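Worksheet: the structure to be examined is printed underneath.
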Amino acid sequence: MKNTLQNTYNFIFEGSLINEILEISKIHDFKEGDIIIDFNENIKNMPLMLTGAIKILREDFDEGELLLYFIEKGDTCAMSMQCCLGNAKSEIRAIAETDGQLILIPVAKMNEWLGKYATWRNFVFNSYNNRLKEMLTTIDHLAFMNMDERLLNYLLEKSKINTSNQIKKTHQEIAYDLNTSRVVISRILKALENKGKIKLNRAYIELL
DNA sequence: ACATTAATTGTGT
DNA sequence: ACACAATTAATGT
């Protein structure tokens, strides 16, 4: 674990901070499909991603789930930070997209480090900015893009997080994340295939 | 190896 | 959106 931590964060945090993290924090392994955080849960730790990826969902008016963004190695969840600081309950649900592990940092330490380490402050600040930007992007997509652009975007994001052109998801699961119906996904996917952008197979999709 | 079932995907209305 | 056809994977015998 020390190696993984250093590989991912060595260029962001100074050595003394890395050591403190190693001392105080607990590591948490998760498997694909695990619910990391659920709605209305109290957050007592702040997560730092080591490996794998997690998707952040928001529940919609009609029992629908809508994907906000993915987080991966080197990221943290801005939502959970906000919950930590404000002592609030979670407004979102976090589900593991792949197997992986993360580091749990107690709220007290997180606050302490904000004053103690400039690199930590920068990290938290930057994470906030990045998440906010991503949220704006997805909001733009929701408001102004049609479904095939959203879908293409989704596929690109996914291939990024598992560093593979093979996306192993069923049309149904994709439809869930984008909060639409499976048939719509199937039709758009087929259109994309005809345009030569992707290759369609059973239970997985290949980007070209 | 074969038949049966379930899951995934394609298409027409 | 719905219904159903077609195709493929999974399971039991």
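Every chain is numbered from 1 and lettered A, B, ... according to where its sequence line falls, protein lines coming before strand lines. These numbers were taken from a predicted model, which means no experiment stands behind them.
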### Query
Do NZ/NE/NH1/NH2 and the carboxylate oxygens of A:Glu97 and A:Lys169 come within less than 4.0 Å?
yes
### Query
Going only through I, L, V, M, F, W and Y residues with side-chain contacts under 4.5 Å, is there a path from A:Leu178 to A:Val183?
no
Show me, pair by pair, the donor-acceptor contacts under 3.5 angstrom made by side chains of residues 33-49 of chain A, not counting sequence neighbours?
residue : atom : partner : partner atom : Å
A:Asp34 : OD2  : A:Lys31 : N            : 2.9
A:Asp38 : OD1  : A:Arg93 : NE           : 2.8
A:Asp38 : OD1  : A:Arg93 : NH2          : 3.1

### Message
Check A:Arg131 with A:Glu134, please: is the shortest side-chain N to carboxylate O separation under 4.0 Å?
### Response
yes
### Task
Using a 4.0 Å heavy-atom cut-off, write out nucleotides 8-13 of chain B from 5' to 3' as B (base contacted by protein), S (sugar-phosphate only) or - (no contact).
BBBBB-
### Query
Which distance, rounded to the nearest 0.5 Å, do you find between the CG of A:Leu155 and the CG of A:Leu151?
4.5 Å
